[in-house]
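Right, one structure below, let's go through it.
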Amino acid sequence: MLIVNGGYPRSGTVLVGAIICAVLRLEGRDWERYNPQERRELPDFESKVRTWPDSGAILLIHTHIADANVLSALTVRSDAVVFWNHRDPRDVVVSLRKLHDLPLERALTAVQVYAKVEQVVTQSKLALRLRYEDFAKDPTALVAQVADHMGAALSEDQANQIAQETSVSRHRKIMEDIAQEALPGVRVIPTRARPLREDPETLINDRHIQSGAAGRWRLELTADEQTIVADTLGPFVRDLGYDA
């Protein structure tokens with residue numbers, strides 16, 4: 001079985017991944033992780049999908065990239081489950097900037113890459129598309145939706161329990177432990193701006209949780225930056241149904 005957990009970065013993929021893992025643990029199932037994050041890894045991504053054994057073993061893929069070849073490989077498998085998150089691309093720019101200390105131009109370029117990936121993925125009926133801005137409204141309903149797409153039947157109590165286990169407060173505590181070097185096994189990921197400290201089990205990092213607010217691009221960008229971001233990302237914003 002292959003479970004692809006992907007979408008825009010900063011759109012709740014870590015949360016959905018935590019829910020997926022909680023459901024698998026509840027069912028007593030083990031899994032392997034695979035995290036392709038760069039376009040140069042796409043051929044290997046496709047190869048993994050095509051060659052993963054049809055034996056019940058689970059490969060959980062966390063990614064922000066995909067292409068037509070990967071989707072084609074997934075489509076012919078009867079055991080592939082795909083989740084793909086989206087968020088207002090303008091807010092993704094702001095969140096990426098804060099996470100990686102990026103200049104606006106680099107964050108904007110990155111978001112355009114992910115937006116084009118989103119357009120490719122949405123052509124497939126395989127993916128369950130999840131909207132980041134809806135997650136906080138009913139966490140238990142999100143858990144039930146994820147479990148249902150995995151073919152898992154949860155009771156209301158089980159869904160509530162997983163919603164509590166994967167809550168913002170729980171994830172914030174992990175983030176704080178990472179920042180205070182109080183969590184064992186943390187890996188340091190070099191980036192151009194600063195090292196990123198990340199828990200390999202949850203994929204939460206030391207700057208993971210920000211405001212989470214919708215429309216933060218209007219509050220955290222200057223007027224000139226808002227114009228640039230809105231003009232550049234306008235087509236993608238409209239495609240996703242956000243106010244352009």
Side-chain angles (χ1 to χ4, degrees), residues 1-27 29-37 41-42 45-46 48-49 52 57-89 91-92 95 113-154 158-159 162-163 165-168 171 201-204 208 212 236 239-241:
M1 181 179 187
L2 293 115
I3 304 175
V4 179
N5 171 38
Y8 277 88
R10 314 301 300 157
S11 68
T13 54
V14 168
L15 169 59
V16 173
I19 293 171
I20 292 169
C21 291
V23 172
L24 292 175
R25 281 194 294 269
L26 190 64
E27 295 185 323
R29 307 179 75 178
D30 297 321
W31 64 92
E32 294 183 29
R33 283 191 179 273
Y34 175 56
N35 303 330
Q37 299 299 328
E41 297 177 90
L42 285 170
F45 189 177
E46 179 190 357
K48 282 272 190 185
V49 172
W52 186 254
I58 298 173
L59 181 65
L60 176 56
I61 303 168
H62 183 274
T63 189
H64 304 299
I65 59 168
D67 63 8
N69 292 332
V70 169
L71 287 171
S72 176
L74 287 166
T75 300
V76 298
R77 296 195 62 125
S78 61
D79 60 347
V81 177
V82 180
F83 299 90
W84 208 263
N85 290 10
H86 63 274
R87 180 184 188 179
D88 188 326
D91 286 337
V92 177
S95 191
V113 170
Y114 298 124
K116 291 173 182 176
V117 171
E118 163 79 17
Q119 289 181 327
V120 172
V121 173
T122 55
Q123 295 176 14
S124 169
K125 296 180 180 179
L126 191 64
L128 174 64
R129 298 180 65 226
L130 299 170
R131 188 175 184 268
Y132 172 84
E133 290 83 359
D134 294 336
F135 288 0
K137 295 178 181 178
D138 192 341
T140 300
L142 173 64
V143 171
Q145 188 178 19
V146 170
D148 182 67
H149 193 57
M150 294 170 62
L154 300 185
Q158 289 171 325
I162 291 176
E165 290 174 4
T166 58
S167 67
V168 172
H171 282 192
E201 180 177 347
T202 62
L203 303 183
I204 294 173
H208 186 80
F236 305 116
D239 283 350
L240 290 171

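Numbers here simply count residues along the sequence, with the first being 1.
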Quick one: do Val4 and Trp84 satisfy side-chain contact (heavy atoms from CB on, under 4.5 Å)? Show the steps, please. CA-CA 8 Å; Val4 179; Trp84 208 263; 4.2 Å; yes

Run the side-chain contact (heavy atoms from CB on, under 4.5 Å) check on Leu2 and Lys48 step by step: do they pass? CA-CA 10 Å; Leu2 293 115; Lys48 282 272 190 185; 5.8 Å; no

In sequence, state the C-alpha distance, the side-chain angles, and the governing distance for Phe45 and Gln37, and then conclude on side-chain contact (heavy atoms from CB on, under 4.5 Å). CA-CA 10 Å; Phe45 189 177; Gln37 299 299 328; over 6 Å; no

Run the side-chain contact (heavy atoms from CB on, under 4.5 Å) check on Val81 and His149 step by step: do they pass? CA-CA 7 Å; Val81 177; His149 193 57; 3.4 Å; yes

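Evaluated for a side-chain contact (heavy atoms from CB on, under 4.5 Å) with Arg33, the options Ile61, Leu59, Leu203 yield exactly one hit, Leu203.
Contact detail for Ala22 and Glu165: the closest heavy-atom pair is CB-OE1, 4.0 Å. Closest heavy-atom contact between Val23 and Ala147: CG2-CB, 4.1 Å. Nearest heavy atoms, Tyr8 versus Tyr114: CD2-CB, 4.0 Å.
Looking only at side-chain heavy atoms (C-beta outward), Val120 and Val117 stay at 4.5 Å or farther from each other. Using a 4.5 Å heavy-atom cutoff, the side chains of Phe83 and Ile20 are in contact.
Within 6.0 Å of the CD atom in Glu27, the count of heavy atoms belonging to other residues, nucleotides or ligands exceeds 12.
Taking CG from Leu240 and CD from Gln119, the interatomic distance works out to 8.0 Å, rounded to the nearest 0.5 Å. The line from CG of Asn69 to CG of Leu74 is 11.0 Å long, rounded to the nearest 0.5 Å. Taken to the nearest 0.5 Å, the CZ atom of Phe236 stands 14.5 Å off from the NE2 atom of His86. Taking CG of Leu142 as the start and CG of Asp134 as the end, the distance is 9.5 Å to the nearest 0.5 Å. Annotation: the span from Asp91 atom CG to Arg10 atom CZ amounts to 11.5 Å, rounded to 0.5 Å.
A donor-acceptor pair shorter than 3.5 Å can be found between the side chains of His62 and Thr13.
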